[in-house]
Amino acid sequence: MNRLKSQWKPIVVSLFLFCLLCFSGRQADSWATTSDPKAIAPAVSLGTGLLLEPPLDLSWVTKATFEAWMETVGQDKIRKEWTTPVVPLPELPPSSPNGLTHVEVKGYMQRAKQMFERGQAIPVSDVGLISTQEDVIRQPMLNHISAFANSAARVYLLVQKTASDQDWSYFSIVQDMTVQPPLDYYAQLFDSEVRFEGTSCYACHSSGPLAIHPAREDLIIDPKLASALSQFIATQPRSRFYFPPDSPKPDMGGRLTLDACTGCHAEDGDRGPLYRVHSHPIRVLVDFGYMPPGEKLSVEQIDELKAWLLGGR
Ligand code: HEC
Ligand code: HEC
């Protein structure tokens with residue numbers, strides 16, 4: 001009996017190890033996934049009449065113009081080889097059991113900026129749809145977006161400028177994963193300080209980081225990376241938004257109750273409820289067919305949404 005056991009032992013142990021390997025391989029795969037991320041669909045306005053301004057004409061922007069713009073950030077910083085879209089950060093033990101301190105959050109943001117500047121990030125570069133289409137900007141908004149993570153934090157860096165700006169600006173989101181639900185911090189990064197922002201980010205980011213939506217199918221460097229990064233973003237748990245004391249929660253306006261949206265955008269949904277303060281991304285995401293995902297609203301539903309957007313509170 002004992003002999004039998006000892007004969008089987010190595011086999012059982014190696015089977016166990018093998019399964020463990022398969023399992024951890026799978027887990028890593030869920031965001032390493034070079035497998036076959038869905039291609040990025042061209043952004044085409046459905047002509048719903050929801051937009052306040054006609055879709056911005058980008059026909060004058062060639063792929064070469066776009067690439068030349070993007071390269072002004074430094075050629076050594078973009079077009080990276082990658083196997084996983086998220087750069088691992090060393091594990092830093094949190095100093096408090098009650099969540100990351102503001103100093104730690106800002107430290108993560110500065111570290112991401114530093115890694116980008118040293119060419120250690122894996123950025124996806126695009127002309128984003130939502131800010132480009134925005135009525136106040138109305139010109140190509142150039143984005144380099146990269147992600148970093150350890151078990152305590154998910155860190156996102158956005159290096160951004162409009163086509164006519166000289167200099168690139170730095171923005172960051174840090175999700176504190178050590179608290180439940182996670183808490184999201186937003187900031188603009190300057191040479192001398194990291195400044196937390198609330199209201200100015202909330203209109204579009206009320207439920208955290210957003211998927212990559214290029215304004216045109218070809219105004220993007222590495223669409224596969226963008227899909228993989230969007231997949232990683234989609235795995236985020238529902239989080240809360242940190243409002244710094246000097247940038248408190250804005251006036252929300254009435255809540256959107258359209259059935260086609262509240263299945264996901266609800267108090268207990270995957271994303272938070274939507275309010276009038278979110279009108280701009282609502283107009284753009286619905287008009288370009290991104291929301292609701294994989295579905296098309298009927299004429300009646302669009303009319304209902306239009307009436308809500310036009311209506312009082
Ligand atoms: C007008 C809507 C809008 C506003 C306002 C806005 N963002 Fe974004 N942001 C986006 C969109 C859309 C993306 C994805 C862009 C793309 O497709 O390249 C994005 C991407 C990002 C990313 C990269 C991670 C991600 O979500 O994909 C960071 C970091 C970021 N924004 C920070 C900020 C900060 C900080 C503020 C406030 C100072 C802010 N944003 C305000 C729309 C907005
Ligand atoms: C099947 C679930 C689902 C439905 C239904 C849905 N959304 Fe979303 N929505 C998402 C997800 C996931 C994101 C974040 C991914 C992204 O940025 O594309 C999102 C993001 C948004 C955002 C950006 C703010 C945020 O919550 O992140 C707006 C605005 C939005 N959706 C509007 C709508 C509107 C309007 C409808 C109804 C016409 C709708 N959505 C229906 C899943 C859904």
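Index from 1, following the sequence. Ligands are counted one by one from 1 in listed order, and the atoms in each one are counted from 1 as well.
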Revision key, fill the gap. Of all protein heavy atoms, the one nearest atom 28 (C) of ligand 2 is L285 CD1, 3.5 Å
Practice item. Would you please classify the geometry between the H102 ring and the Y185 ring as parallel, tilted or perpendicular, with 30° and 60° separating the classes? Key: perpendicular
Point to revise | F196 and Y242 aromatic ring geometry - parallel, tilted or perpendicular at 30°/60° bounds | key: perpendicular
Exercise for review: May I ask you to identify the nearest protein heavy atom to atom 18 (O) of ligand 2, giving residue, atom name and distance to one decimal place in Å?
Suggested key: H213 NE2, 3.1 Å
Practice item. Measure the distance from atom 19 (C) of ligand 2 to every protein heavy atom, then report the residue, atom name and distance (to 0.1 Å) of the closest one. Key: M291 CE, 3.2 Å
Exercise for review: State the count of protein N/O/S atoms located less than 2.8 Å away from atom 8 (Fe) of ligand 1.
Suggested key: 1
Review point. Are G263 and ligand 2 in contact, using a heavy-atom cut-off of under 4.0 Å?
Key: no
Point to revise | Sub-4.0 Å atoms of ligand 2 with respect to non-hydrogen atoms of S207 | key: 26 (O), 27 (O)
Review point. Can a donor-acceptor pair be found between the side chains of E134 and S131 at a distance below 3.5 Å?
Key: no
Review point. Which of the numbered atoms in ligand 2 are below 4.0 angstrom from a heavy atom of A260?
Key: 5 (C), 37 (C), 41 (C)
Review point. Regarding T235 and R154, is there a side-chain donor-to-acceptor distance under 3.5 Å anywhere?
Key: yes
**Study point:** Under 4.0 Å to a heavy atom of I233 - the qualifying atoms of ligand 1, by number
**Key:** 27 (O)
Revision key, fill the gap. Note: ligand 2 atoms sitting under 4.0 Å from heavy atoms of A211 are 16 (C), 17 (O), 18 (O)
Revision key, fill the gap. The protein heavy atom nearest to atom 32 (C) of ligand 2 is L274 CD1, 3.4 Å
Practice item. For atom 34 (C) of ligand 2, find the nearest protein heavy atom and state the residue, atom name and distance (0.1 Å precision). Key: C261 SG, 3.4 Å
Study note, to complete from the structure: Heavy-atom proximity to atom 16 (C) of ligand 1, picking from T199, D126, I137, points to D126
Check your understanding: If you measure every N/O of S172 against every N/O of ligand 1, is any gap under 3.5 Å?
Key -> no
Check your understanding: Is any N or O atom of H278, backbone or side chain, closer than 3.5 Å to an N or O atom of ligand 2?
Key -> no
Exercise for review: Kindly identify the option in A203, A43, S200 whose heavy atom sits closest to atom 5 (C) of ligand 1.
Suggested key: S200
Check your understanding: For the side chain of E104 and the backbone of S95, is there at least one donor-acceptor N/O pair under 3.5 Å apart?
Key -> yes
Review point. At what distance is the nearest protein heavy atom to atom 4 (C) of ligand 2, and which residue and atom is it?
Key: C264 SG, 3.3 Å
Exercise for review: Establish, from distance only, whether the side-chain atoms of T65 and W60 form a donor-acceptor pair under 3.5 Å.
Suggested key: no
**Study point:** N/O/S atom of H265 inside 2.8 Å of atom 8 (Fe) of ligand 2, strictly under
**Key:** yes
Point to revise | Partner set under side chain to side chain contact (heavy atoms under 4.5 Å, CB included) for D165, not counting sequence neighbours | key: K161, T162
Review point. Tell me: protein heavy atom nearest atom 27 (O) of ligand 2, and distance?
Key: R271 NH2, 2.6 Å
**Study point:** Linked, directly or transitively: L210 and F288 (ILVMFWY side chains, under 4.5 Å)
**Key:** no
Exercise for review: Answer with yes or no whether Q188 contacts ligand 1, where contact means a heavy atom under 4.0 Å from a ligand atom.
Suggested key: no
